[in-house]
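Start at 1 with the first residue, then count along the sequence. Keep in mind the model is a prediction, meaning the values are calculated, not measured.
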Amino acid sequence: MTDLASPPAAAASSASTASTAELDIGGMSCASCVRRVEKALSRVPGVVDVSVNLATERASVGLATAAAPATLEALVAAVAGAGYEARPVVEAPRVSDRGSGTAAAGTDADPDAARQRQSQRELAMVAVAAAFSLPLMLPMLVEAIGGHWMLPAWLQLMLASVVQFACGARFYVGAWHAVRARTGNMDLLVAIGTSAAYGLSVWQMSVHPGDTMHLYFEASAVVITLVRLGKWLETRAKRETTAAIRALNALRPDRARLRQADGSEREVPLDEVHVGMIVLVRPGERVPVDGSILEGRTHVDEALITGESLPVAKAPGDRLTAGSINGEGLVAVTTTAVGAETTLARIVRLVETAQAHKAPIQRLVDRVSAVFVPAILLIAAATFAGWLLAGASAETAILNAVSVLVIACPCALGLATPAAIIAGTGVAARHGVLIKDAQALELAQRVTVVAFDKTGTLTLGKPRVVAFESIGIERERAWTLAAALERGSEHPLARALLAAFEAQMPTETGDDVSAAAPLRALHVQAVPGRGVQGEVESATLMLGNGGWLDALGIDPPAPMLARARELEAAGNTVSWLMRAGGSGVSATALALIAFGDTVKPDARAAVERLAARGIESVLVTGDNRGAAASVAAALGIETFHAGVLPEDKARVVREIKARSGGIVAMAGDGINDAPALAAADIGLAFASGTDIAMHAAGITLMRGEPSLVADAIDISRRTYRKIQQNLFWAFVYNLIGIPLAALGWLNPMLAGAAMAFSSVSVVTNALLLKRWKR
């Protein structure tokens with residue numbers, strides 16, 4: 001199958017990265033935690049690049065050498081030294097492996113299941129905290145309806161202590177690790193704030209023993225309850241952002257049905273299947289391997305892989321992708337890739353890579369988080385001192401300082417960008433758009449010009465022969481020579497010529513084509529930007545474009561030149577069959593061959609959608625001016641560049657960039673498009689094309705539909721808008737909340753509720769991307 005992404009190592013930002021290690025990180029709570037883990041990992045020898053994602057709780061570490069067990073142990077130890085948990089990421093198990101208990105030593109068989117269990121434990125702790133906090137709040141509720149009732153102080157102390165030191169233990173652990181690392185995080189703010197309220201109440205009890213008074217145990221207990229509730233809701237929301245990865249992993253079958261050499265069938269674990277084996281897929285089953293159909297016809301549902309909503313007809317010779325669902329027919333499939341080399345596995349890796357790395361805008365958050373917690377501690381201290389100087393009681397000063405500490409949690413800042421990126425890349429993958437990394441996502445939303453290749457991108461790439469006219473020799477002889485030269489070639493024009501030859505020659509020459517069919521060309525080679533040449537019956541033949549004709553100094557008869565111009569003006573591609581000269585004989589033209597192609601059904605709509613978004617479309621093709629003009633006119637493209645050689649496509653893209661002054665995207669699928677894809681600000685390669693084109697691109701489009709270009713840009717723009725909205729609200733929460741808390745307008749319980757709501761709202765806003773539709 002077509003290679004969709006380079007290995008994970010290629011995704012690292014450093015050019016010197018030799019491999020990439022992935023770690024699951026436990027214990028992070030905010031953007032400050034992310035920064036501390038990154039600093040700890042970056043100090044390990046051999047680490048050249050680190051990216052930690054709070055939303056996925058995963059670290060991607062670029063290494064200068066291949067990852068070895070010793071290196072992984074050093075990375076895990078570095079994270080542990082910073083006060084967090086880490087474990088190397090293992091390949092996600094297949095469906096039937098879950099719950100089997102066959103985990104590798106030291107790892108969880110299913111990280112997602114482990115997170116689910118952690119979420120359940122978190123919910124249980126929230127329930128315990130709520131149960132012990134509710135009695136502490138009852139006096140406030142009674143007072144609200146005009147009554148007066150107070151729990152005994154000793155009972156308040158018992159209830160609050162359970163919440164403070166059992167349910168709130170995680171905050172003390174996190175705070176202690178932060179202090180040891182000489183930094184700050186959300187845990188430190190919550191621990192200091194709730195401890196202050198709890199300690200104030202204990203101090204009041206000791207100074208006025210036996211008195212009935214209002215204590216502040218409910219403040220510390222309710223804040224811990226609300227913060228833990230917010231973290232649980234946040235965890236549930238974060239799991240929704242990674243639903244795309246879980247859905248893709250769930251497509252992996254664990255067994256396959258092999259056809260034995262004697263014709264019998266045997267069901268085996270997928271690990272026992274190798275390339276070249278024949279796998280049988282029954283109706284309704286998921287295809288377990290990448291391969292090509294050997295026998296049978298069917299329809300295949302590829303919706304979760306390519307985004308194609310309708311089943312696709314498949315016949316012998318067609319490719320099948322692991323994870324797709326077989327329809328009504330039994331098919332025998334020759335295996336071409338299994339396991340980590342399948343298209344599905346590569347899609348998962350590509351999406352994971354995009355979700356693991358940071359967008360450039362995240363650098364702003366990193367700079368803010370570096371000073372955020374120390375600044376909040378200073379503001380809280382200033383609040384305490386300011387209220388005392390203003391003549392307020394110590395209780396009032398402490399509670400207002402506690403409110404500042406609680407409301408200023410940097411969770412929302414840490415989640416704003418990664419939550420949106422994960423949701424955006426996930427919805428893109430479900431619709432057949434694979435985004436390589438966050439930088440590609442950010443660049444795509446700024447695109448002002450899209451340069452399209454023609455053949456295979458805007459047209460079907462399945463040309464047909466529309467005219468064949470011989471010059472100076474019999475037409476049948478010219479057909480035979482041309483077919484001999486192109487036999488064995490995979491070029492679309494070659495396939496079109498051979499298909500026309502096989503369809504016509506038996507009709508024109510009778511059933512006996514033995515005289516023509518055995519001809520074979522020797523020393524065949526492709527001439528970039530020209531065509532193909534080889535030796536047939538000791539004569540050197542060339543089949544190529546008009547530029548090659550001119551370069552050889554061949555002057556065809558005037559009627560043929562007029563015919564060529566007529567065909568080109570109609571949008572066809574004209575090629576010439578030529579014979580090289582030598583020994584006093586000049587090179588001559590033997591035949592004129594015209595190829596026609598068909599514009600893809602959705603191409604015009606794609607161009608119109610881009611225009612509606614203020615994006616200019618430009619056509620860049622190696623075809624002649626007539627063919628380029630015809631396609632451009634049919635699609636409503638005003639600017640086109642025709643006759644562009646492969647090595648010149650990158651130059652044309654650079655010229656477009658210089659002219660437009662904006663961000664230029666290149667969309668193509670062929671080997672000759674790779675330099676242009678690399679030269680553009682952002683490349684969009686169709687998965688129906690070549691491996692090298694997709695390696696050079698930042699975005700891979702799983703279906704050969706030009707409309708996916710508009711989809712990719714639209715998803716990118718909406719994702720970036722969510723990032724901006726999230727960052728805006730994350731900053732606004734603090735810009736508004738901190739002054740209100742410092743001025744005494746928010747009590748600690750309201751501050752805790754606002755802080756929890758900020759994190760949940762940021763993730764929920766990102767999840768709105770899942771509702772995206774074309």
S716: side-chain hydrogen bond (donor to acceptor under 3.5 Å, both in side chains) partners, not counting sequence neighbours: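 Applying side-chain hydrogen bond (donor to acceptor under 3.5 Å, both in side chains) to S716 gives none.
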
Who passes salt bridge (Lys or Arg N to Asp or Glu O under 4.0 Å) against [X], sequence neighbours left out?
{"X": "R297", "value": "none"}
{"X": "R609", "value": "D711"}
{"X": "R718", "value": "D714"}
{"X": "R579", "value": "none"}

Least distance between heavy atoms, [X] atom then [Y] atom:
{"X": "V289", "Y": "A337", "result": "CB-O, 3.6 Å"}
{"X": "L493", "Y": "S575", "result": "CD1-OG, 4.4 Å"}
{"X": "A712", "Y": "V433", "result": "CB-CG1, 3.7 Å"}

Under a 4.5 Å cut-off applied to non-hydrogen side-chain atoms, are [X] and [Y] in contact?
{"X": "L701", "Y": "I699", "answer": "yes"}
{"X": "V709", "Y": "F452", "answer": "yes"}
{"X": "F501", "Y": "T480", "answer": "yes"}
{"X": "V465", "Y": "F595", "answer": "yes"}
{"X": "T335", "Y": "H274", "answer": "no"}
{"X": "E705", "Y": "K600", "answer": "no"}

Output all residues satisfying side-chain contact (heavy atoms from CB on, under 4.5 Å) with [X], sequence neighbours left out; order by chain, then residue number.
{"X": "V281", "result": "V279, E285, V287, P288, N326, V331, V333"}
{"X": "H299", "result": "P311, A313, E328"}
{"X": "V447", "result": "V450, I615, I663, A665, I682, I713"}
{"X": "E469", "result": "M560, R563"}

Hey, is the main chain of [Y] close enough, under 3.5 Å, to the side chain of [X] for a donor-acceptor pair?
{"X": "Q445", "Y": "E442", "result": "yes"}
{"X": "T457", "Y": "K454", "result": "no"}
{"X": "R487", "Y": "R520", "result": "no"}

What donor-acceptor contacts under 3.5 angstrom involve side-chain atoms of residues 651-660, with partners at least two apart or in another chain?
unit_1	atom_1	unit_2	atom_2	d
R651	NH1	E655	OE2	2.8
K657	NZ	A679	O	3.3
S660	OG	I656	O	3.0
S660	OG	G662	N	3.3

Where at least one partner belongs to residues 523-545, residue pairs that pass salt bridge (charged side-chain N to carboxylate O under 4.0 Å, His left out), sequence neighbours excluded: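 Only R477-E537 qualify under salt bridge (charged side-chain N to carboxylate O under 4.0 Å, His left out).
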
Measure the spacing between CZ of R625 and CZ of F640 and express it to the nearest 0.5 Å.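 So the gap between those two atoms works out to 4.0 Å.
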
Which residue is it: R703, K314, M702? I am looking for the one with a side chain to side chain contact (heavy atoms under 4.5 Å, CB included) to E302.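 It is K314; the other options fail the test.
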
Show me, pair by pair, the donor-acceptor contacts under 3.5 angstrom made by side chains of residues 546-555, not counting sequence neighbours?
none

Under the salt bridge (charged side-chain N to carboxylate O under 4.0 Å, His left out) rule, what do K649 and D453 come out as? Steps first, then yes or no, please. CA-CA 9 Å; K649 280 193 174 183; D453 172 52; 2.9 Å; yes

